[in-house]
Amino acid sequence: MGHTLFEKIWETHAAAQTAGGSTLIAIDRVFLHERTGAAALKRMAEMGRAVLDPARVFAVMDHIVDTRPGRGDSTLMQGGEGFITETRAACKAAGITLFDVNDRDQGIVHVISPEQGIVLPGVTLVAPDSHTCTQGAFGALAWGIGSSEAEHAMVTGTLRLEKPKTMRVTFDGKLQSGVTAKDMILTLIAAHGAGGGAGHVVEFAGEAVRAMDMEARMTLCNMATEFSAMTGLIAPDAKTYEYLAGRTYAPPHFDDPYWSTLKSDEDAAFDQEIVIDAGAIAPMVSWGTSPEHTIPVDGTVPNGPARAHEYTGLVAGVALAGTPIDVAFIGSCTNSRISDLRRAARLLNGRTIAPSIKKAMVVPGSLSVKRQAEAEGLDKVFIAAGFEWRMSGCSLCFFAGGEGFPEGSRTISSTNRNFEGRQGPGIKTHIASPETVAASALAGAIADPRDYMRQEEAAA
Amino acid sequence: MSAFPQPLTGIAAPLDSGALRDNVDTDAIIPSREMRSTGRTGLADGLFAPWRYSDADARAENPDFVLNQPKFRGASILLSGANFGCGSSREHAVWALAEYGIKVVIAESFAPIFYGNCIRNFILPITLDRSALEGLSGHEITVDLAAQSLTCGDATYPFDIDAEAKQMLAEGLDAIDLTLTQAQAITNWTASDKAARPWVYLEHST
Ligand code: SF4
């Protein structure tokens, strides 16, 4: 019987068995950020433990850094500066490569790791951040861990693991126009639940996945954690190698025979299989307080948990489209790469957002994305439409206690979590693709991006 | 760190709003704004802040929240529904629970990162099916890690935990120390891997 891609990576990294029946899996890359990384480094120092191989550990300032132009170490979050200065000092002491606040290549951890060629096909990569699964798009086994596990990986070069189960999610057919990777992953979670992937490593496969570019693949893998999977991954192909070749930390070329083995064998068996018709997927928007509370943009709110209805103020049976919104946010490791910004800008070009919108902002995923967008004039499109144009970082993907949205706002957001309070106390978040955010900002209410695309087509 | 107390007896405090809550996320267990320093302590006050306080800044208690009710104040056993601990990887969620005094979380299922964080911090995560869970709500129960069972009145429920996690909880073992007993095996493996996958090993550039 053949092996799945996950099993091949697992076998390659099985350094030893433990007496208790776990496997010591070798960890090739560790990535820290200032929100949880300082805690790990600080504790290691207290315990007198050192990083085994600092050249394979990286850190970035992204979670609580200010995203207003002219930023320094100070942030609006109370005590935030301490996280930044302590992380910087701890990285220096440990000899770890740090992408600092205003370094040329700063950005959200899961955006810059691929940009720098730090994640590679077939490697294991961990970070104390749940969206590390984003990087599985490159055929890596990349997953989020806690601070204690980050210490364990840095000190021992391994993690103690029980072998997870495997699942394949196949997206057959072709996506309709106006439908994106974000809508695919939301469709999966809506259909199979926020706990649907628990205990599994999920391989995404099928015609629609093969057709996607690397950025869309990252969006797809990004929300494997919202599916409760250990991680998601996609077999590398020519697009993967082309994307990575020549990046700072990547090998100069990918001609080692190892690379061609990185795919699930034809006869490999998965513990679970899910097949989804990509052609039937519509733009998706969440209505409640879990990513599983998501429906097609032209659908009606279903009967969900009482508390979710209470929190979002949406009753069962009403149409989701047309719900007035106060805030539009484009950013986060889910949807802040150049292709995301291009697609949103195309919709916004020559238009302005509804006057009822209290705040609209675009936060590029990295300073490199920001430079590219500016070179293409996208910043001007966003600003003319009524959006703020920011420096890169996690920004209001989550609320850390500093900058916030106006009290009680309803937001349409290209992020990945619509939990109660995620974007601030009482903030009601609707997650969607960047084009749905752009369309909704124009309409001042949740809107179907395909309506604007049709207008464009009619005008052309 | 202390090992898991055994056996442990306490009142099971249900996180519910009508029914046991599903998808209790780490933003609810400890919101980001409550993570005020880079340390692992000073977090108990922020535990469940969005639900526990009617005004989190003033620390004004919401009398309806389970842990504010006299019967459940200071509980050591928590009950919830499916996918407990989903969301952020922040270990602060587990540190906050531990600092508050929670020793056992019983739920229909757990988010994987949260589950691992529990073991590393000597909180016992127990998975039970929904009907059993509902029967425990508000009752005194005894958890016996060695026997892998919990009892509530006349009823006894066995639970699963992998052998290694069980040993680590029972003996209060530090995972890093334990792994370092196999440091030689790791070194040997790394030497052969360097030959097989040289491109993994980076030169230091800082
Ligand atoms: S952008 Fe949001 S989800 Fe992504 S790493 Fe930052 S805080 Fe986490």
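All values derive from a computational prediction rather than experimental measurement. Lettering of chains follows the sequences in order, A, B, ..., and the numbering in each one begins at 1.
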Nearest-0.5 Å distance, OG of residue S147(A) to CZ of residue R90(B):
11.0 Å
What part of A229(A) gets within 4.5 angstrom of chain B, counting heavy atoms only: side chain, backbone, both, or neither?
backbone
Under a 4.5 Å heavy-atom cut-off, does chain B meet the side chain of T158(A), its backbone, both or neither?
side chain
Could you report the tightest heavy-atom contact between N117(B) and G146(A), atom names first, then the distance?
OD1-CA, 3.2 Å
Taking the side chain as every heavy atom from C-beta outward, state whether W199(B) and F254(A) have any pair of such atoms under 4.5 Å apart.
no
Minimum-distance pair of heavy atoms, taken over all atoms of A111(B) and S228(A):
CA-OG, 4.0 Å
With chain A as the partner, which of A82(B), A183(B), G87(B) has the greatest number of non-hydrogen pairs under 4.5 Å?
G87(B)
When the 4.5 angstrom heavy-atom criterion is applied to N416(A) and chain B, the contacting part is neither
Interface residues of residues 23-31 of chain B facing chain A - heavy atom cut-off under 4.5 Å:
N23(B), D25(B), D27(B)
Pick out which of R422(A), R35(A), H63(A), M77(A) makes a side chain to side chain contact (heavy atoms under 4.5 Å, CB included) with S32(B).
R35(A)
R160(A) side chain near R120(B) side chain, heavy-atom distance below 4.5 Å:
yes
Side chain proximity check, S148(A) to N121(B), heavy atoms < 4.5 angstrom:
yes
Is the shortest side-chain heavy-atom distance between C86(B) and F419(A) below 4.5 Å?
yes
Flag the pair E34(A) / T38(B) as yes when at least one side-chain heavy-atom distance between them is below 4.5 Å, and no otherwise.
no
Below 4.5 Å, heavy-atom pairs only: which of E310(A), E420(A), E46(A), R29(A) has the largest tally toward chain B?
R29(A)
Is F399(A) close to chain B through its backbone or its side chain, or both, or neither, when contacts mean heavy atoms under 4.5 Å?
both
Distance (rounded to the nearest 0.5 Å) between D28(A) CG and Y201(B) OH:
6.0 Å
To the nearest 0.5 Å, what is the distance between OG1 on T12(A) and CZ on R197(B)?
6.5 Å
L120(A) portion near chain B, given a 4.5 angstrom heavy-atom threshold
side chain
Any side-chain donor-acceptor pair under 3.5 Å between E91(B) and T36(A)?
no
Portion of P54(A) that has a non-hydrogen atom of chain B nearer than 4.5 angstrom:
both
Below 4.5 Å, heavy atoms only, C-beta onward: do V200(B) and R56(A) meet side chain to side chain?
yes
Around atom NZ of K92(A), are there more than 12 heavy atoms from other residues, nucleotides or ligands closer than 6.0 Å?
no
Highest number of heavy-atom pairs under 4.5 Å with chain A among A93(B), A175(B), A196(B) belongs to A175(B)
Tell me if a side-chain donor or acceptor on E164(B) pairs with a main-chain N or O of T18(A) at a distance below 3.5 Å.
no
Answer whether the closest heavy-atom distance between the side chains of D193(B) and H13(A) falls below 4.5 Å.
no
Beyond-backbone contact of P50(B) with P425(A), side-chain heavy atoms, under 4.5 angstrom
no
Only one of M154(A), E149(A), H152(A) passes side chain to side chain contact (heavy atoms under 4.5 Å, CB included) with I176(B), and that residue is H152(A)
With chain B, the option among A38(A), G157(A), G82(A), G144(A) that has the most non-hydrogen atom pairs under 4.5 Å is G144(A)
Got a second to check how far F227(A)'s CZ is from N83(B)'s CG, nearest 0.5 Å?
10.5 Å
If you measure only the distance, is there a donor-acceptor pair under 3.5 Å linking the side chains of D129(A) and S89(B)?
no
Pair R40(B) + E151(A), salt bridge at N-O below 4.0 Å
yes
Turns out that what part of A194(A) lies under 4.5 Å from chain B's heavy atoms comes down to both
Measuring heavy-atom distances to chain B, does A14(A) have an atom under 4.5 Å in its side chain, in its backbone, in both, or in neither?
backbone
Bottom line for Y258(A): the part with an atom under 4.5 Å from chain B's heavy atoms is side chain
Between D174(B) and R49(A), is the closest basic N to carboxylate O distance under 4.0 Å?
yes
